[in-house]
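Okay, so here's the structure we're looking at.
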Amino acid sequence: MPKLTVDGKEVIFEEGMTVLQAVEQAGQEVPVFCYHNRLEIAGNCRMCLVEVEGSRKPVASCAMAAGEGMVVHTKTPMVKKAREGVMEFLLINHPLDCPICDQGGECDLQDIAMSYGRGISRYDEPKRAVEQKHMGPLIKTHMTRCIHCTRCVRFLEDVAGVPEMGLVGRGENAEIVTYLDQAVTSEVSGNVLDLCPVGALTSRPYAFRGRPWELTKTPSIDVMDAVGSHIRLDSKGNEVFRILPRVNDDINEEWLSDKARFCMDGLRTQRLDRPYIKVKGKLQPTNWQGALGKAQELLSKTDPDKIGVLAGELVDTETFYTFRHMLDMMGVNHRDCRDPGQHLDHRFRAGYVFNTSIAGIEQADACLIIGGNPRFEAPLVNTRLRKRFLKGDFPIAYLGPEFTPGRDLTYPVQHLGERAKVLEDLLNEKGTFAKTLKKAKKPMLILSASSLKGQDAMKVLALVRQVAETYDLVREGWNGFNVLHNQASRVGGLDMAFVPKGKGYDTQGILTAAEKGKLDVLYLLGFDHPSLKDLPDSVKVIYQGHHGEAGASAADVILPGAAFSEKNATYVNTEGRIQQALAAIAPPGEAREDWRIVKELAGRLSLDLPFETIDELREGMALENPYYQYREVLHQNTWGQFGRKGLLAQDHILGFDEDYYKTNVIARSSLTLAQCAVAGGWEPEDAQQEVTHA
């Protein structure tokens with residue numbers, strides 16, 4: 001291994017490292033503005049200057065390759081003077097608006113200026129002023145502050161794969177702009193706010209709302225999709241002010257999707273904060289005793305075979321476990337946690353999780369995407385795929401409907417068609433991509449859970465499993481079979497077997513039976529669906545959830561629950577990783593944690609659930625399912641014969657057809673995300689007016 005010396009200390013470094021990386025490995029801190037370890041090197045700011053023996057002038061450490069025998073100095077008078085000179089140039093045109101800048105307290109320029117700023121300016125000419133830019137509803141611009149580090153440009157081009165920003169002009173006329181002054185439409189555009197080392201790009205929804213030292217910071221898990229990104233909830237009083245990513249190299253690295261970052265206003269609007277019961281056709285507020293008493297009456301007087309239970313996309317695993325126990329004791333078989341028409345085989349965990357793991361994508365050497373659109377179902381899985389593509393030797397094929405303009409993937413793919421017959425061709429080793437899969441050492445496939453809908457879903461699942469077996473995707477030390485979910489509750493619900501029991505109805509069956517009056521009671525656990533407005537009056541609806549939407553509108557009893565930011569809860573991401581969310585704020589009004597509501601309701605029904613506290617509940621979960629003994633650990637899942645063999649009656653694979661910004665009730669309640677949907681072309685311009693505030 002090569003060696004160099006940093007400030008008298010000998011350091012071993014890897015081939016290909018830069019001087020900056022070697023210096024940091026030696027434990028020395030180097031100030032940077034343009035350099036970022038996850039972006040391409042630009043060498044714009046020159047703040048990282050160091051002295052290298054043999055060179056007559058300071059060198060930019062981020063852009064120079066480390067070499068054997070180099071002697072580097074980071075604290076000499078030459079280095080200090082050079083960095084002070086760079087800082088003086090950077091501050092020539094920078095406005096003196098730190099007191100009103102949203103970056104204040106988190107600004108790299110402020111921090112580095114404390115060490116290398118002169119304290120006075122020798123520049124007497126008028127400062128340059130730059131016109132503000134329009135970058136959409138998420139990004140607020142103050143471009144006079146920009147130091148042209150181009151981090152934002154490189155992120156959108158390299159990581160997001162949507163090159164919508166660039167540097168135009170030269171010298172003091174250089175400016176960062178969006179092309180044709182259009183809004184940035186990338187689904188991960190908010191990350192440029194974290195990357196900006198000054199206050200040129202700040203959060204528009206958070207503008208002038210608070211200072212970082214005023215906020216309480218709580219680690220949590222994102223539930224806007226099934227990736228399970230690690231996030232930090234910054235709250236003040238009883239309100240979440242902003243959501244930021246936490247670094248986790250196994251899942252989201254240090255990025256976050258826009259839907260997760262900007263859904264805060266959805267957490268406080270259209271909330272259910274007290275119990276309700278329907279009296280003479282109108283919902284009237286009541287207390288918990290009255291609401292639970294009414295729910296008890298409806299459930300106790302109804303034949304279990306006339307009760308249906310549906311769970312939505314944001315339910316935590318503790319609630320699934322508690323509710324399933326209660327339903328088993330009651331003898332209720334009609335229950336489901338899946339989308340209408342969706343079929344997933346819960347018997348074998350390997351058949352419904354992302355077995356390769358998100359970080360494992362970087363080890364793969366070929367990929368087949370079946371149905372859906374990873375860019376909008378799981379944006380941070382898509383950035384991993386792009387990252388792997390940019391390294392080279394990673395052919396990707398796509399099987400499914402053609403992408404609409406602006407919805408395509410951020411890397412080239414070979415489109416194999418949209419019919420399931422292509423899977424049969426692959427099974428028979430026909431086609432050019434069959435040869436690619438055959439040659440690959442670590443091939444993988446990604447099956448969108450949104451494609452597993454309709455009467456042929458289980459047959460498609462079996463066919464995809466056979467493809468995985470034919471091309472040796474599942475072997476010792478490697479499992480290339482992956483199901484990609486886009487709802488945070490799905491894997492946890494399947495783990496807890498919250499699916500029809502015996503001859504019970506699935507989600508579509510329950511909805512159909514309710515519409516035809518074959519059910520007497522419908523219990524909705526955070527489940528909202530447009531068809532609920534068509535229910536006959538004979539069907540009584542109990543709605544337990546945290547937002548007033550379709551389910552609450554149809555309800556005869558409303559039991560207000562807590563959102564993910566208001567409870568200590570377990571979620572399971574698409575990889576099958578057990579994750580812990582912590583409460584940042586209290587539920588509004590009289591709302592309660594969902595598992596406690598179910599536990600109290602079970603008590604009123606004289607059902608003795610075998611736990612009293614959440615710790616006892618989690619112990620029961622771990623005893624029943626060994627995966628739940630450990631958090632943030634991936635397990636090797638047992639392979640099995642999941643799916644159902646048979647001839648396909650329909651030969652189209654269904655794709656992802658949802659509005660990216662409306663996949664759950666929190667997102668649908670957010671005015672900010674409604675504006676994003678309009679700016680991104682998902683909705684007509686008058687759509688955001690439909691979002692009302694409670």
ring-ring contact (aromatic ring centres under 6.0 Å, His included) between Phe403 and Tyr398, worked out: CA-CA 10 Å; Phe403 297 123; Tyr398 170 73; 4.5 Å; yes
Between Val19 and Val59, is a side-chain contact (heavy atoms from CB on, under 4.5 Å) present by the stated rule, with each step listed? CA-CA 9 Å; Val19 172; Val59 300; 5.7 Å; no
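Annotation: Glu68, atom CD; neighbour count of heavy atoms from other residues, nucleotides and ligands within 6.0 Å is above 12. More than 12 heavy atoms of other residues, nucleotides or ligands shown are found within 6.0 angstrom of NZ on Lys127. Shown here is Glu14, whose CD atom has no more than 12 heavy atoms of other residues, nucleotides or ligands within 6.0 Å. Few gaps surround NZ on Lys438; more than 12 heavy atoms of other groups in view lie less than 6.0 Å from it. The environment of NZ in Lys3 is sparse: at most 12 heavy-atom neighbours from other residues, nucleotides or ligands sit within 6.0 Å. Few gaps surround OH on Tyr123; more than 12 heavy atoms of other groups in view lie less than 6.0 Å from it. Dense packing is recorded around CZ of Arg83, with more than 12 heavy atoms of other residues, nucleotides or ligands lying under 6.0 Å away. For Glu40, the CD atom counts as loosely surrounded, since its 6.0 Å shell holds 12 or fewer non-hydrogen atoms of other residues, nucleotides or ligands.
Cation-pi geometry between Arg618 and Tyr628 is not satisfied (NZ or CZ under 6.0 Å from the ring centre, within 45° of the ring normal). Cation-pi contact between Lys259 and Tyr660: present, with separation from the ring centre below 6.0 Å and deviation from the ring axis of at most 45°.
Atoms CG and CZ, from Asp222 and Arg232 in turn, are 15.0 Å apart once rounded to the nearest 0.5 Å. The distance from atom NE2 of His94 to atom CD1 of Ile147, rounded to the nearest 0.5 Å, is 8.5 Å. With rounding to the nearest 0.5 angstrom, the CD atom of Glu29 is 10.5 Å from the OG1 atom of Thr74. A distance of 11.0 Å separates CG in Leu634 from CD in Gln636, rounded to the nearest 0.5 Å. Between the SG atom in Cys62 and the CG atom in Asn44 there is a gap of 8.5 Å [rounded to 0.5 Å]. If you take OG1 on Thr672 and CZ on Arg261, they are separated by 13.5 Å, rounding to the nearest 0.5 Å.
Using the six-membered ring where Trp is involved, Trp639 and Phe481 have ring planes that are perpendicular, over 60° apart on the 30 and 60° scheme.
Of the N and O atoms on the side chains of Thr5 and Glu10, not one donor lies less than 3.5 Å from an acceptor on the other residue.
Taking a cutoff of 4.0 Å between a charged side-chain nitrogen and a carboxylate oxygen, Glu214 and Lys236 qualify as a salt bridge. Between Arg209 and Asp234, none of the side-chain N atoms (NZ, or NE/NH1/NH2) sits under 4.0 Å from a carboxylate O, so this pair counts as no salt bridge. Under the 4.0 Å criterion applied to side-chain N and carboxylate O atoms, Asp158 and Arg151 are not assigned as salt-bridge partners. A salt bridge does not link Lys133 with Glu164: none of the charged nitrogens is closer than 4.0 Å to a carboxylate oxygen. Taking the charged nitrogens against the carboxylate oxygens, Arg475 and Asp472 do have a contact shorter than 4.0 Å, which makes a salt bridge.
Remark: side-chain polar atoms of Asn252 are not paired, donor with acceptor, to backbone N or O of Leu256 under 3.5 angstrom. A side-chain donor-acceptor contact under 3.5 Å links Thr317 to the backbone of Thr570. No side-chain donor-acceptor contact under 3.5 Å links Thr150 to the backbone of Val153. In this structure a side-chain-to-backbone donor-acceptor pair under 3.5 Å is present from Gln579 to Gly228.
Aromatic ring centres of Phe262 and Tyr206 lie farther apart than the 6.0 Å criterion allows.
Annotation for Met17 and Gln25: closest pair CE-OE1, 2.9 Å, computed over non-hydrogen atoms.
Within the structure, salt bridge (Lys or Arg N to Asp or Glu O under 4.0 Å) contacts touching residues 379-395 (residues at least two apart or in different chains) are Glu253-Lys387, Glu362-Arg384, Glu362-Lys387, Glu362-Lys391.
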